[in-house]
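Before any comments, here is the structure.
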Amino acid sequence: MIVLLIGVSLFVAIGFLIAFLIAVKKGQYKDTHTPAIRVLFDDNTEEKNKEENKSESN
Amino acid sequence: MSSEKKIESALLCYHCGDECKDDSIKIDEKLFCCNGCKTVYEILDQNKLCNYYILDQTPGISPNINFGTKFDYLDDESTIKKLLDFQDESISKVTFHIPQMHCSSCIWLLENLYKLNGGVSFSQVDFLKKELNVTFIHQKISLKELVRLLASIGYEPQILLESVDKKNEDKQSKQLHLRIGVAGFCFLNVMLFSFPEYLGIDLTDAFLKNFFIVLNLILSIPVVFFSGWEYFGSALKGLRKKIINIDFPISLGILALFGRSLFEVISQTGAGYFDSLTGLIFFLLIGKLLQEKTYSYLNFERNYKSFFPLSVTIKIDNAEKSIPINKLMVGNRIIVRKNEIIPADSILLNGDGRIDYSFVTGESKPVNKVSGEFVYSGGRQHGSVIELEVIKEVSQSYLTQLWNNEIFNNPDKSSESYFTNFSNAVSKYFTFFILIVASISAGFWFQSSMHTALNVFTAVLIVACPCALALSTPFTLGNAMRILGRNKLYLRNSSVIEDLAKVNSIVFDKTGTITQLGKSNLIFTGTVLNSFQQKLIKSLVRNSTHPLSRKIFGSLEGDEFFPVTKFDEIPGLGVTGVVYGNSMKVGSKVFINGSVEEDKTGTKIYISVNDEILGYFSVTNSYRDGINETINTLSLKFKLSLLSGDNESEKYNLLKFFNEENDLYFNQSPENKLDFIKSQQEKMQNVLMVGDGLNDAGALKQSDVGIAVTEDISSFSPSCDAILDASNLKLLPKFLNYSQSAIKIIYISFVISFLYNLFGLTFAIQGMLSPIIAAILMPLSSISVVLFATLSTNFVAKKLKLLNKGGT
């Protein structure tokens, strides 16, 4: 029983390890600055801005 | 509120934020300073990319629309091949360096390139490196068209000689991340499976016990042979050079741990030391990561190649042609446009040269040249187009021949110092000591039991594995480097701190280093100007882009301007015009009344209104804030000298800072500077060179530590060991003090780790080293050394007031 549980836990852990390795290989650790800015971009900032302006004028 | 009003009244360009001369160029009630900016707006507007202006106020860069044949060299197959990262039948990938990008709007626009041109399939920005990765379909858009597209929206990529000589991508740091990931994963699991052993739970089930042990063995194999592999390689490399470096005892310890554990598993005599083994490698790698976490986005290896353009326009039979710079030959006629760099020593044939050598000498005032005069390479043309004849090849020119000096061809300085640094010096004696202790104690036990003797021998090697020793240096120096970085001193790598601590002689460059670029003082001599006269002068010089005009403009008061008629600017002489009915002249004495200037100590700009001379502005160097105290503090501890490429006109002012006249050297060429450093080093001095321009490049390289001082850390600086933001030059004494403290902290950490080793050895020699003692002792020693190193470096920094200053 214990053997089975440990096997399962190791299996899950190895899954995470592989995920990490893939992330490194894909270069996710190369640039840690730009994504932090990129995430703030809205897909339609323009329209949103107009709406905001409207609501402000009201 | 008041600042907003100012923006409106000053008519700022909607695109780039520059002042507009009038409101003639506008669309949709948006003003633009030039047609270039308007074009960019139109392009963006058509493609619905006006988000650009919402993310940041006036984010744009005023583009230069007339490319002419400028990018024609990008049609050349071999050049394209060199520039591209990757190419197959349909797509190409390329990386551009775009120094202009400065805000989130830039990122947004550059990553939306595909909306501007269907040929671009993907673009991604690395903001810190100021790089843009573009994937494009080369049947739809050629590389040249892509570059032109970027240039047309104001982001002209910097394509330099250097970027053609491709470097290895930072594969190493990727490797290190992988190694740490694997080591961390295995370490934690091994710890988990070792718990029954720690807790003394006597597993009655022999199968379960063996199951855990075998699992541990399997988990530690990748740690030893993948994560720890570098240590063996480095140790072997050292041995081949007949040097025992710190990695040698580490490898010995790793091998002893693994071999002993393997033996125990096979002979079924024990559980082995897999937890200690994996933990050791994991901690060591973390230390390595800290040490290697350098400022990869700063470039410390620049030479003239990163400064010169890739191509140059030559003129053959009245036709212009763009050729790669390394094919430029003596006798070629070259065309240099505004803001381009003169690539080789040459003679001016046509046009007015106004050449800015600020990159080379640090002097920002353009030099005027007329046809027939000799022009050194490295200057940037500020006036209109000029034509030159090349008389020396690029590599043989005044500026570039400095790089033919042997110091630039020597093996890397850092790799050398790696083998001579302190921890490696210690590890040599340490290793011999350990091997002797291991042999003697094994010999002692050998008489009673062969088995115990072997046990003791490996136990000594395991316990003595200098992991705490190996950790103290990277953690101390890594943290110290981080703190220095907060204070805007960016080191090439952490071993520079060791060199800094040894410095006992400091050499300064003058222009741009202890004097401030672009902020020279303007002093007016003559009758005191009333506000009306100031307004007259200001209105006139407003129309000129000459740096001195801008300076005068900035020094005068008044926000309103009179209209100027009959404005004329005569290059090299001055400006003239009629302002409010007054005929005005601003410029050199020859220009004002025809007489020749007698006093040649400095630059003077005369002012005349209706042929009456009011007086003159004179320009004097302005020294950086606090430079006086800085130099005084330093002179107590170090031997100081000053090397200047300029003449002696500033000597009197400089003697206020430097005590001895003999320490001041003027009219120094780049080679002179290099030789001076060399002569100092021959007198057993460890020299710190503080400089800025390309003319200091040789001296910076030759010195034990070269610090490049710069106003903007991402702009050009010559090859060096450290880059210092100019505003923090006054902290230099503290930086030196701090480096010395950091080295002391390393000494103390060494003592601590030796004490742990001695403690462990007493167990080992008696043959009493159980896995549990090893498992406690090793992490304990490592963690306490790491804690001590980190806390004490922070403590010293706080004491020197280097912490909580300078932002993030």
Side-chain angles (χ1 to χ4, degrees), chain A, chain B residues 45 48-56 101 103-112 124-133 169-171 173-186 188-189 192-193 196 203 205 207-208 210-212 214-215 218-219 222 226 289 293 296-297:
Chain A
M1 189 60 196
I2 292 176
V3 177
L4 181 75
L5 284 175
I6 285 174
V8 171
S9 81
L10 254 185
F11 186 73
V12 173
I14 286 173
F16 281 107
L17 178 68
I18 289 170
F20 172 74
L21 296 188
I22 290 173
V24 174
K25 284 258 184 213
K26 279 196 163 177
Q28 286 189 14
Y29 286 80
K30 231 173 80 185
D31 176 16
T32 48
H33 186 84
T34 326
I37 303 173
R38 195 178 295 134
V39 78
L40 298 174
F41 295 152
D42 238 320
D43 284 338
N44 43 5
T45 322
E46 203 175 353
E47 285 161 32
K48 221 178 178 181
N49 244 51
K50 275 178 194 162
E51 277 166 31
E52 271 169 26
N53 288 344
K54 260 181 213 166
S55 63
E56 266 171 36
S57 60
N58 290 339
Chain B
D45 192 37
K48 300 202 167 65
L49 288 171
C50 283
N51 263 354
Y52 183 59
Y53 298 104
I54 290 160
L55 289 165
D56 233 308
M101 62 170 91
C103 65
S104 48
S105 277
C106 301
I107 301 177
W108 184 82
L109 180 61
L110 290 171
E111 296 198 338
N112 278 295
Q124 192 174 34
V125 170
D126 186 331
F127 189 67
L128 287 180
K129 289 185 185 163
K130 304 214 184 277
E131 275 178 1
L132 176 70
N133 282 297
E169 277 266 308
D170 40 11
K171 265 190 185 148
S173 84
K174 227 182 213 180
Q175 271 284 328
L176 191 58
H177 278 120
L178 289 178
R179 287 173 202 272
I180 290 178
V182 170
F185 166 79
C186 296
L188 291 177
N189 279 296
L192 207 63
F193 300 141
L203 290 171
D205 191 344
F207 167 74
L208 210 57
N210 281 331
F211 175 69
F212 282 133
V214 170
L215 259 184
I218 293 170
L219 281 170
F226 173 67
L289 179 74
K293 200 167 168 55
S296 56
Y297 54 92

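In the text below, chain A, chain B and the rest are named by the order of the sequence lines, each starting its count at 1.
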(message) Less than 4.5 Å to any heavy atom of chain A: does that hold for the side chain of Asn189(B), its backbone, both, or neither?
(response) side chain
(message) Suppose a student defines contact as a heavy atom less than 4.5 Å from any heavy atom of chain B. Which residues in residues 15-23 of chain A would they list?
(response) Leu17(A), Phe20(A), Leu21(A)
(request) Go through the atoms of Ile6(A) and report whether side chain, backbone, both or neither lie under 4.5 Å from a heavy atom of chain B. (result) side chain
(request) Heavy-atom distances under 4.5 Å only: say whether Leu188(B) touches chain A with side chain, backbone, both or neither. (result) neither
